[in-house]
2 protein chains.
Amino acid sequence: MPVAKKRAYHHGDLARALVDAALQHIGREGVEAFTLREAARVAGVTHAAAYRHFADKRALLATIAEDGFRTLSDDLRDAAHSEGDALEKLTSIGRAYVRFAFREPARFRVMFGPRLNYDRRFPSLEAETQRAFRILLDAIEAGQRDGELIEGVSRDLATALWTSAHGFASLVLHRKIIVRSATRAEAYYVEIVRPLLTGLRR
Amino acid sequence: MPVAKKRAYHHGDLARALVDAALQHIGREGVEAFTLREAARVAGVTHAAAYRHFADKRALLATIAEDGFRTLSDDLRDAAHSEGDALEKLTSIGRAYVRFAFREPARFRVMFGPRLNYDRRFPSLEAETQRAFRILLDAIEAGQRDGELIEGVSRDLATALWTSAHGFASLVLHRKIIVRSATRAEAYYVEIVRPLLTGLRR
DNA sequence: ACCTGAACACCGTTCAAGT
DNA sequence: ACCTGAACACCGTTCAAGT
């Protein structure tokens with residue numbers, strides 16, 4: 001077993017092992033406590049080996065963030081295709097956003113914590129972010145077309161829902177809003193978002 | 001001048017000098033790039049000297065966060081005392097929150113970025129946070145008493161407004177929402193929050 | 001009371017060298 | 001092609017020693 005482990009990452013899965021170790025650690029200790037060297041240690045490899053797979057620490061975090069937005073998009077798409085009228089779909093989308101944050105707190109923190117892309121070094125990360133927003137935007141526009149939602153700039157209404165879900169998830173993860181459990185948090189969000197949805201109803 | 005500087009921090013202002021250096025650096029490079037050693041360098045002092053004023057790096061950041069919440073409370077209180085009906089006051093409060101985030105981005109990042117208080121080591125920080133929320137809560141309850149706002153758990157309605165302002169400020173500072181300028185951001189927030197306020201109106 | 005100097009155990013990153 | 005070992009310039013934190 002130790003011998004097998006010694007060559008385990010010659011098959012191209014070191015990148016993934018490093019990412020997994022990173023997510024483990026970030027989930028427990030926060031993104032500011034994450035180090036490349038410890039991820040390499042956990043993966044059973046010398047710290048310099050990480051640089052064969054990621055240009056630097058930021059590149060590893062950007063990969064995590066990008067994967068995170070991809071997963072989030074999948075979740076939001078499922079919610080957008082759920083049963084119900086426009087308002088119920090928007091509730092589902094917001095709820096899916098909050099659920100994602102609680103199911104994947106490490107990913108969520110990496111996606112919205114450190115300033116990974118201030119120099120636009122990771123265009124694909126930006127693209128994935130916009131794809132996620134687009135799903136929300138489409139749901140708003142469909143609701144407007146069907147006459148279920150108020151008129152107005154669809155981008156603005158989508159942003160209103162995003163800020164609500166994002167603000168809630170961020171504040172709960174940061175323990176500024178206290179909830180008993182992840183399940184409770186989701187139910188609480190549905191309460192919180194109700195006035196906004198009332199305001200969006202035509 | 002260099003001689004004067006040599007003894008400048010024997011008068012008790014090193015703590016402040018370190019905080020100022022920290023805010024400067026965090027404003028430019030982000031909280032993850034801040035180091036105690038560089039703050040000490042900028043303050044013209046050996047790095048070990050910082051430990052005479054702060055227990056550790058986290059304590060310095062907690063001081064910044066606590067000061068930030070105090071300033072935020074002042075701003076929110078001013079907004080809560082502004083002219084107008086309940087909805088106008090809530091708009092002012094949300095707007096003040098967003099304005100604070102843009103005027104003091106470094107403070108805002110420290111307040112809501114790293115997990116400074118997961119072990120409840122800084123109870124005064126938690127107290128200041130709650131004081132800020134209380135101002136919002138009072139405004140909601142006054143509006144409910146006057147019959148201008150919908151009934152319901154005041155804490156939930158206050159949380160709805162908080163998530164909206166906080167989500168907006170966070171996403172703009174993180175460049176997930178793009179705005180041309182700080183002034184534009186504030187005006188844009190007023191647009192974004194409109195549906196929520198409609199939903200809060202009785 | 002406040003700061004310095006030296007030390008310790010860490011980092012991120014680079015690069016020649018090994019297989 | 002992928003990893004190791006050694007090196008470099010950094011950190012946060014501690015502590016005896018200086019004024």
Side-chain angles (χ1 to χ4, degrees), chain A residues 2-22 24-26 28-64 110 113-116 118-119 121-122, chain B residues 2-22 24-26 28-64 110 113-116 118-119 121-122:
Chain A
V3 179
K5 204 176 185 183
K6 221 175 190 175
R7 301 247 167 263
Y9 300 122
H10 281 269
H11 303 293
D13 48 1
L14 177 54
R16 175 170 295 244
L18 290 169
V19 164
D20 288 348
Q24 281 280 331
H25 193 78
I26 293 167
R28 274 180 287 115
E29 309 287 337
V31 60
E32 61 272 15
F34 160 64
T35 68
L36 265 186
R37 284 174 105 113
E38 207 227 329
R41 240 175 273 138
V42 170
V45 102
T46 290
H47 58 267
Y51 289 86
R52 198 64 39 182
H53 299 271
F54 299 100
D56 54 22
K57 189 180 177 181
R58 233 170 98 209
L60 191 156
L61 291 174
T63 297
I64 289 176
V110 173
R115 298 163 72 209
L116 299 173
Y118 59 89
D119 51 3
R121 194 182 135 195
F122 308 106
Chain B
V3 180
K5 204 176 182 182
K6 222 175 192 175
R7 301 247 167 264
Y9 301 122
H10 280 268
H11 304 292
D13 49 359
L14 176 55
R16 176 171 295 245
L18 290 169
V19 164
D20 288 349
Q24 280 280 330
H25 193 78
I26 293 167
R28 274 180 286 115
E29 310 288 337
V31 61
E32 61 271 12
F34 161 64
T35 69
L36 265 187
R37 285 175 105 112
E38 208 228 330
R41 239 174 273 138
V42 170
V45 102
T46 289
H47 58 267
Y51 289 86
R52 199 61 42 177
H53 299 271
F54 299 98
D56 53 21
K57 188 180 178 181
R58 231 169 99 208
L60 192 156
L61 291 174
T63 298
I64 289 177
V110 174
R115 298 164 71 209
L116 299 174
Y118 59 89
D119 52 3
R121 195 181 135 195
F122 308 105

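So that the names make sense, note that chain A is the first sequence line, chain B the second, and so on, each numbered from 1.
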If you look at every heavy atom in [X] and [Y], which pair is closest and at what distance?
X	Y	value
A:Ala50	A:Leu36	CB-CD2, 4.3 Å
B:Ala49	B:Val45	CB-CG1, 3.7 Å
B:Ile64	B:Ala22	CD1-CB, 3.9 Å

Quiz item: Taking only residues two or more places apart in sequence or in another chain, which ones pass side-chain hydrogen bond (donor to acceptor under 3.5 Å, both in side chains) with B:Arg121?
Solution: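 Expected list: B:Asp56.
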Self-check item: Contacts of A:Glu32 that satisfy side-chain hydrogen bond (donor to acceptor under 3.5 Å, both in side chains) - sequence neighbours left out
Solution: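 Residues passing side-chain hydrogen bond (donor to acceptor under 3.5 Å, both in side chains) with A:Glu32: none at all.
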Quiz item: Which nucleotide in the list D:dC3, C:dG5, D:dG5 gets nearest to the side chain of A:His53?
Solution: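 Of the options given, the side chain of A:His53 lies nearest D:dC3.
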Quiz item: What pairs of residues pass the side-chain hydrogen bond (donor to acceptor under 3.5 Å, both in side chains) test when at least one of them lies in residues 43-52 of chain A, not counting sequence neighbours?
Solution: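 For residues 43-52 of chain A, and leaving out neighbouring residues, the side-chain hydrogen bond (donor to acceptor under 3.5 Å, both in side chains) pairs sorted by first residue read A:Arg37-A:His47.
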Self-check item: Nucleotide C:dT14, atom P - distance to CZ of A:Arg52 in whole Å
Solution: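 It is 12 Å, rounded to the nearest whole Å.
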Quiz item: Tell me: CZ of A:Phe54 to P of D:dC2, nearest whole Å?
Solution: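 That distance rounds to 13 Å.
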What's touching nucleotides 7-12 of chain D from the protein side, N or O pairs under 3.5 Å?
{"from": "D:dC11", "atom 1": "OP1", "to": "B:Arg41", "atom 2": "NH2", "distance (Å)": "3.3"}
{"from": "D:dC11", "atom 1": "OP2", "to": "B:Arg41", "atom 2": "NH2", "distance (Å)": "2.7"}
{"from": "D:dG12", "atom 1": "OP1", "to": "B:Leu36", "atom 2": "N", "distance (Å)": "2.9"}
{"from": "D:dG12", "atom 1": "OP1", "to": "B:Lys57", "atom 2": "NZ", "distance (Å)": "3.4"}
{"from": "D:dG12", "atom 1": "OP2", "to": "B:Leu36", "atom 2": "N", "distance (Å)": "3.3"}
{"from": "D:dG12", "atom 1": "OP2", "to": "B:Arg37", "atom 2": "N", "distance (Å)": "3.0"}
{"from": "D:dG12", "atom 1": "N7", "to": "B:Arg37", "atom 2": "NH1", "distance (Å)": "2.3"}
{"from": "D:dG12", "atom 1": "O6", "to": "B:Arg37", "atom 2": "NH1", "distance (Å)": "2.9"}

Exercise. Let me know which of B:Val19, B:Asp20, B:Leu14 forms a side-chain contact (heavy atoms from CB on, under 4.5 Å) with B:Arg16.
Key: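 Passing option: B:Asp20.
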Quiz prompt | Pair pattern of DNA chain C in dot-bracket, where unpaired bases get dots and | marks partners in another strand, Watson-Crick or G-U under 3.5 angstrom | solution = ||.|||||...|||||.||
Practice problem: With sequence neighbours left out, write down each residue that passes side chain to side chain contact (heavy atoms under 4.5 Å, CB included) with A:Glu38, or none if nothing qualifies. | Solution: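 Per chain and number, A:Glu38 pairs via side chain to side chain contact (heavy atoms under 4.5 Å, CB included) with A:His25, A:Thr35, A:Arg41, A:Val42.
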